[in-house]
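Everything quoted here is computed from the prediction, not taken from an experiment. Values below: every heavy atom of this structure, side chains too, minus hydrogens, waters and symmetry copies. Residue numbers start from 1 in every chain, and the chains themselves are labelled A, B, ... in the order their sequence lines are given, proteins ahead of strands.
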Amino acid sequence: MAAGLFRLKCWLCALGAILRDLNEIEKNRVAKADRMRARGEQPYPARAQRTHTVADALLALEQALQAGAPVQDSGVPATLCGRLRSMRTMGKLTFAHMEDVSGRVQLLLRSDEVGADRLRQFDTDFDLGDFVQATGVLMRTKTGEFTLRCSAVVMLAKSVSPLPAAKEAEEDGHKVVYSAFANPEARYRERYADLAVNTEVREIFRVRAAVVRALRNFLDERGFLEVETPVLQPIYGGAAARPFVTHHNQLHQDLFLRISFELYLKRLLVGGLESVYEIGRDFRNEGVSLKHNPEFTQLEFYCAYADYAKVMEITEEMLAFVAQQVCGSTTLEYEGHKINLQPPWRRVALRTAVAEACGIDIAAHPTAAALAEAMRASGQAVDPAMPRGKLIESLLALHVEPLLIQPTFVHDFPRDISPLAKATPGDPHTVERFEAYIAGMELCNAFSELNDPQEQAQRFEEMQRDHPKGEEAHPMDEDYLRALQYGMPPCGGFGMGVDRLTMLLTGQRNIREVILFPHLRTRE
RNA sequence: GGGCCGCUAGCUCAAUUGGCAGAGCAGGGGCCUUUUAAGCCCUUGGUUACAGGUUCGAUUCCUGUGCGGCUCACCA
């Protein structure tokens, strides 16, 4: 029934899109396409040809000019393909800009070279946003602009809807954008239009790809094995977050979309793989914010015979490497701060950091009640239902986090909010866990992994018992315990939000700017 | 989920105390053989997000809905 309704709704939506009224501009462009067909010109031909990308053509021109070719007629032939981004008609002469993935080139169409009729057709039937193929000779105009003087121009794909009009100009060497397509909702909903007109958006996703590539290179070179583990899981775990639930029809089984990779990756260490990593999507059924999207890209790695101190070293090396690969430097600017990723990073115990920031020594308050009292005494509002670890976390988030601009490892976390981390020897309240902060933002979370099956079982039971109702308790995972019983080598584990790292390296404040299709409410 | 703010032409934005809904760009028709936010003349384009209410009259004031932005909560 529900599925039937859903299909009906989809069908209506699709129909609505197809029958959507075209506005005047769109009708006009459809008429242009019809006119082209009528004279035997294909508005959507199956094939294109190109001899150079724009960037390659520029190189070819430079070489010819260095070899002494005339500037305004290099003699270098080229056929280029791309999208029309501007047009200036001057009677018997038309200038246009065409853009491909590699750059932008000016087209020059002269009546005496393409023919008066063809120039007329170009002026009337070609629009901004159309994909075209232009053949001619490379040159520079008398103002020095890189130009293709065309002998022929062919439509490759007629654009019906006008792209959001933005004009770009150079002023004093700076790029100035007029009437930019800037409405965030429109940009995210129609990312295709956003990418088509906002070149800096395309650049963000090139950087993002480079970030992921650099992470892979770093880990591959150190002998880590890249693996893939289930997205659909019968029991979710490895983090404290609410999951998305889905259903397998034939098996009559509810399944969860994973909230982390942790428990599966550690099963692989039981299996002897020693050093593994996975880059993939996590799904958390929680609020969205500047730093949270319901699905996000996570990197997790696990390294046998390492502890959390070793993982700190790998972390700072890895991020310095990525920044060097992607930005060409280990220093970067973010929100007005100069940030230096060069190892070694500052290391500070959570206890010390909190004490320095707000004067409360968490070790002096070993129970939730005592700590809550101390926090109240210092004027902080406190939720009485919070366990001690949560209270400490709130101190961290409120007082410490905003201060951590330069890369900092905050280490030694409360045990009661870290059910998968190994206890600190001699300290019943603390585990060997750290988080790394940069620019006031939590970037990663790591620990010495708990590998004692008895203690792990006990921790799971504690989570079930001690968690307040409504809070997300870490579920009991019998199979994971069975795996630990076979023996897991001591190891360090690590998780990092790749989206957040990309934010840092691209200077973006909003996680949606680094996700191609961020989650938005559907519009009825 | 709470609070605050927003939604006007394809895009970016105006609209005085509540008084004919406008501009630039894009589009259409002209002129123009080195332009580059090209320029000049003419011109089309609006359910002011949606549904109600108050009013002689609502883009403007009120209520509700939808969507978005910021923020708080939540999300180690």
Side-chain angles (χ1 to χ4, degrees), chain A residues 22-29 31-32 72 85-97 104 106-113 116 119 124 127-129 139-145 147 149 160-171 176-190 193 197 238-242 259-260 282 284-294 296 350 381 383 389-390 392-394 396-397 401 410 413-414 416-421 431 433-435 442 444-447 470-472 474 495 497 509-510 512 520-524:
Chain A
L22 297 178
N23 67 32
E24 197 192 328
I25 294 174
E26 292 165 336
K27 284 176 187 157
N28 199 273
R29 290 190 177 192
K32 290 178 182 184
Q72 295 201 38
R85 291 303 308 279
S86 73
M87 296 171 78
R88 294 173 296 283
T89 297
M90 308 188 62
K92 297 198 179 73
L93 182 69
T94 291
F95 289 98
H97 277 109
R104 193 175 283 210
Q106 180 170 256
L107 305 181
L108 168 55
L109 290 89
R110 291 168 45 149
S111 178
D112 56 5
E113 287 185 85
L119 182 61
T124 55
D127 289 292
L128 299 186
M139 60 171 284
R140 283 191 184 279
T141 60
K142 65 187 184 190
T143 54
E145 176 152 6
T147 299
R149 203 177 71 226
V160 173
S161 296
L163 286 172
K167 289 222 160 193
E168 289 167 20
E170 294 273 336
E171 276 181 20
V176 184
V177 181
Y178 301 88
S179 302
F181 181 49
N183 180 288
E185 178 182 1
R187 286 183 47 234
Y188 301 146
R189 282 194 196 281
E190 299 195 12
V197 301
R242 279 172 297 185
I259 60 171
S260 85
D282 271 343
R284 296 187 183 176
N285 205 339
E286 307 279 359
V288 299
S289 78
L290 288 181
K291 295 187 174 73
H292 299 85
N293 194 62
F296 62 99
L350 175 57
D383 177 355
K390 286 269 184 195
I392 293 170
E393 244 174 13
S394 74
L396 174 64
E401 224 178 280
V410 177
F413 272 64
D416 61 346
I417 52 167
S418 313
L420 301 163
V431 293
R433 167 178 167 186
F434 73 82
E435 292 182 346
E442 183 196 335
C444 29
N445 180 26
F447 30 90
E471 288 277 316
E472 204 52 46
H474 197 293
R509 183 169 171 264
N510 187 334
R512 287 175 162 178
L520 294 174
R521 222 180 283 253
T522 50
R523 223 164 7 185
E524 286 298 313

Quiz item: Within the modelled atom types, does a donor on one side and an acceptor on the other bring the side chain of A:Thr94 and the base of B:rU35 under 3.5 Å apart?
Solution: no
Quiz item: What residues, two or more places apart in sequence or in another chain, satisfy side-chain contact (heavy atoms from CB on, under 4.5 Å) together with A:Ala96?
Solution: A:Leu84, A:Met87, A:Leu107, A:Phe122
Quiz item: Within the structure shown, what part of the strands sits under 4.0 Å from A:Arg88 by heavy-atom distance: base, sugar-phosphate, or nothing?
Solution: base
Quiz item: What is the distance from CG of A:Asn510 to P of B:rG68, rounded to the nearest Å?
Solution: 13 Å
Exercise. Mark up nucleotides 6-11 of chain B, 5' to 3', with B wherever a protein heavy atom is under 4.0 angstrom from a base atom, S wherever such an atom reaches only the sugar-phosphate, and - elsewhere.
Key: ----BS
Quiz item: Which part of the nucleic acid, if any, lies within reach of A:Gly238 when heavy atoms closer than 4.0 Å are counted: base, sugar-phosphate only, or nothing?
Solution: base
Exercise. Tell me what A:Asp282 touches on the nucleic acid: a base, only sugar-phosphate, or nothing, going by heavy atoms under 4.0 Å.
Key: nothing
Quiz item: Under the salt bridge (charged side-chain N to carboxylate O under 4.0 Å, His left out) test, which residues partner A:Arg88, sequence neighbours left out?
Solution: none
Exercise. Check every strand shown and say whether A:Arg509 touches a base, only sugar-phosphate, or nothing at a heavy-atom separation below 4.0 Å.
Key: sugar-phosphate
Exercise. Ignoring hydrogens and angles, answer whether the base of B:rU34 and the side-chain atoms of A:Glu145 contain a donor-acceptor pair closer than 3.5 Å.
Key: no
Self-check item: Gap between atoms CZ and P, on A:Arg512 and B:rC67 respectively (whole Å)
Solution: 13 Å
Practice problem: Kindly write out the residues that satisfy ring pair (Phe, Tyr, Trp, His ring centres under 6.0 Å) with A:Phe447, not counting sequence neighbours, or none if the list is empty. | Solution: none
Practice problem: Scan A:Arg433 against the nucleic acid and name what it touches under 4.0 Å (heavy atoms): base, sugar-phosphate only, or nothing. | Solution: base
Practice problem: Report the base-pairing partner of B:rC7 (Watson-Crick or G-U wobble, both distances below 3.5 angstrom), or none. | Solution: B:rG66
Self-check item: Set of side-chain hydrogen bond (donor to acceptor under 3.5 Å, both in side chains) partners for A:Arg140, sequence neighbours left out
Solution: A:Glu62
Quiz prompt | Validation row: A:Leu290, A:Asn510 side chains within 4.5 angstrom (heavy atoms) | solution = yes
Practice problem: Check every strand shown and say whether A:Leu290 touches a base, only sugar-phosphate, or nothing at a heavy-atom separation below 4.0 Å. | Solution: sugar-phosphate
Quiz item: Residues in side-chain contact (heavy atoms from CB on, under 4.5 Å) with A:Pro184, at least two apart?
Solution: A:Tyr188
Quiz prompt | Most 5' of A:Leu128 and A:Gly91 on RNA chain B, judged by nearest nucleotide | solution = A:Leu128
Self-check item: Phosphate-side-chain proximity, A:Asn28 and B:rG28, N/O vs OP1/OP2 below 4.0 Å
Solution: yes
Practice problem: For A:Glu286 and B:rC72, give me the distance from atom CD to atom P, rounded to whole Å. | Solution: 17 Å
